[in-house]
Amino acid sequence: MELPQLASFLGVVLATVLFLKAVLRRRRQYNLPPGPKPWPIITWSPYGAYWRQARKMCLTELFSAKRLESYEYIRREEVLALLGDLYRGGAGAGRVVVLKDYLSTVSLNVITRMVMGKKYLEKEVRDEAGAVITTPEEFKWMIDELFLLNGVLNIGDSIPWLDWMDLQGYIKRMKKLSKMFDRFLEHVVDEHSERRGHEGESFVVKDMVDVLLQFASDPGLEVKLNREGVKAFTQDLIAGGTESSAVTVEWALSELLKKPEVLAKATEELDRVVGRGRWVTEKDMPSLPYVDAIVKETMRLHPVAPMLVPRLSREDTSINGYDIPAGTRVLVMVWSIGRDPELWEAPEEFMPERFLGSRLDVKGQDYELLPFGSGRRMCPGYSLGLKVIQVSLANLLHGFTWRLPDGVELSMEEIFGLSTPRKFPLEAVMEPKLPAHLYVEA
Ligand code: HEM
């Protein structure tokens, strides 16, 4: 295999499972390349004590099964708010609904409540002196910009001698956003620290920033977590958790609108298992294998991250006979693997049935299907992400009938970057099908 010279570093793209297994299993031989300079986040921090500790904090505290369970009420309240908002906002009146904004609001509210203890899309945030820290519009703009900039390929990172020119303007935008986000996060950390101070002995941890501040005050930590670390971690949690679920649910609904027979089977399962007298809960999910198969099939065809976070080979090595010199960037193409005809029958077809009775899962063990990555860089928020996707999708299918607006031919074009959202937002006509009081109470 001839290794391509990608700009000023050597790169190799892996799009077959055989090579992929070799890299993701040989974990010690691969690190991460440095990320864009003004962007201090965990996703780009190299393997080492800081990253190891951050990872441990995620597994044992932030995303532990117990903590996720304790936030179930937040997910339930926000999904119910979505259903009520859709009902009041046009569903049922034959109006065309643009789903993306509704879906983004649910995931953003779930994440900000779990991470920072409140929603930021409802009213202005002010400091103690009354000065405006951020408005709902500005906060939404910051989140969209954060998601976009986390996913861009900055030419200057690949061709360092062009870096100073900032040809695409990304560095300027990152600096502006960093400044605005920092002001916001300073306020969040101050507010949380004050509550800790006031409540003293009776202080109870409520959200993930509280957990991070507890870590920050722990003198026994291997690497001290300072204020900057708490802010960077908080930013990472918001960036990782917000858009990914909304993008996946939007793709699932798009596929279902193209395949009425699949939509009908999902509806039949929901009617049989849940019945028309109530909403779907997370506890129902193990009894809804067809809805689960729809989620997997959506993630096979439309993985939010078509390429995993790049790995960097730490030493000269070889993969199945091909030499990989130290310092090579290894790019794993999850998108191509999900559509590989050698692995999947009729790979371009949306067929949830392929997952019924199958052992294939999205938990990083099956290299054919890696929407959350694999190995030690695997997404720490995968369980939360899955819960939000499953319960939002199940309720949207349970609560409404769905059709495309008259005369619309649905485009399935995607924006192909470091993430793959729909190119054109999904528009649909929905009619409520459960008793009216359920929507009113939602
Ligand atoms: C649909 C939902 C989600 C998808 C599809 C997704 C996907 C991914 C992928 C593909 C990676 C890179 C894995 C690798 O290279 O092996 C990743 C990393 C990461 N994700 Fe997620 N994610 C989702 C939800 C979340 C949530 C809810 C959070 C947090 C609240 C989160 C936080 C992170 C973080 C911090 C990393 C970096 C981990 C590291 O480098 O050690 N993600 N995610």
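Counting starts at 1 for both ligands and their atoms, in listed order.
Less than 4.0 angstrom separates some heavy atom of Gly373 from each of these atoms of ligand 1: 10 (C), 13 (C), 14 (C), 16 (O). Residue contact check: Val309 has heavy atoms under 4.0 Å from atoms 12 (C), 15 (O) of ligand 1. Of all atoms in ligand 1, numbered sequentially from 1 with element shown, those under 4.0 Å from a heavy atom of Ser244 are 1 (C), 2 (C), 3 (C), 4 (C), 23 (C), 24 (C). Close approach to Leu237 involves these atoms of ligand 1, each under 4.0 Å from a residue heavy atom: 29 (C), 30 (C). Listed by number with element, the atoms of ligand 1 under 4.0 Å from a non-hydrogen atom of Ile389 are 1 (C).
Looking only at atom types and distance, the side chain of Thr298 has no donor-acceptor partner in the side chain of Glu255 under 3.5 Å away. Under 3.5 Å, the side chains of Thr281 and Arg76 contain no donor-acceptor pair of N or O atoms.
Look at Lys100 and Glu243 and you find a salt bridge, because one of the NZ, NE, NH1 or NH2 atoms lies within 4.0 Å of a carboxylate O, short of that distance. Under a 4.0 Å N-O distance rule, the pair Glu349/Arg339 does not qualify as a salt bridge.
For atom 7 (C) of ligand 1, the choice among Pro380, Ser383, Ser245, Pro371 with the nearest heavy atom turns out to be Pro371. With Arg377, Glu243, Met114, Arg311 as candidates, the residue nearest to atom 40 (O) of ligand 1 on a non-hydrogen basis is Arg377. Comparing heavy-atom distances from atom 31 (C) of ligand 1 across Gly240, Ala305, Ala239, Gly385 singles out Gly240 as nearest. Checking Ala246, Pro306, Cys379, Ala54 against atom 21 (Fe) of ligand 1, the nearest heavy atom belongs to Cys379. The residue from Gly241, Cys58, Ser107 that puts a heavy atom closest to atom 26 (C) of ligand 1 is Gly241.
In this pair, Phe139 and Phe184 present their aromatic rings tilted. The plane angle is within the 30 to 60° band.
Of all the heavy atoms in Pro425 and Val98, the pair that sits closest is CB-CG1, 4.0 Å.
Geometrically, ligand 1 and Thr248 share no nitrogen or oxygen pair separated by less than 3.5 Å. Considering both main-chain and side-chain atoms, Gly381 never comes within under 3.5 Å of ligand 1 through any nitrogen or oxygen pair. Considering backbone and side-chain N/O atoms, Ser374 comes within less than 3.5 Å of an N/O atom of ligand 1.
Taking OG from Ser358 and CD from Glu353, the interatomic distance works out to 12.5 Å, rounded to the nearest 0.5 Å. Note that CD of Glu186 is 10.0 Å distant from CD1 of Ile133, once rounded to the nearest 0.5 Å.
For Pro303, no heavy-atom contact with ligand 1 is shorter than 4.0 Å. When heavy-atom distances to ligand 1 are checked against a 4.0 Å cut-off, Val334 has no atom that comes that close, whether in backbone or side chain. Residue contacts with ligand 1, taken as heavy atom pairs separated by less than 4.0 Å, involve Trp51 solely via side-chain atoms from C-beta onward.
Aromatic rings of Phe400 and Tyr87 (six-membered ring for Trp) have centroids beyond the 6.0 Å cut-off, not under it.
Taking 4.0 Å as the cut-off, Phe63 counts as a neighbour of ligand 1 on heavy-atom distance.
Judged purely by atom type and a 3.5 angstrom limit, His302 has no side-chain atom pairing as donor or acceptor with the backbone of Trp335.
In Glu348, the CD atom is crowded: over 12 heavy atoms of neighbouring residues, nucleotides or ligands sit closer than 6.0 Å.
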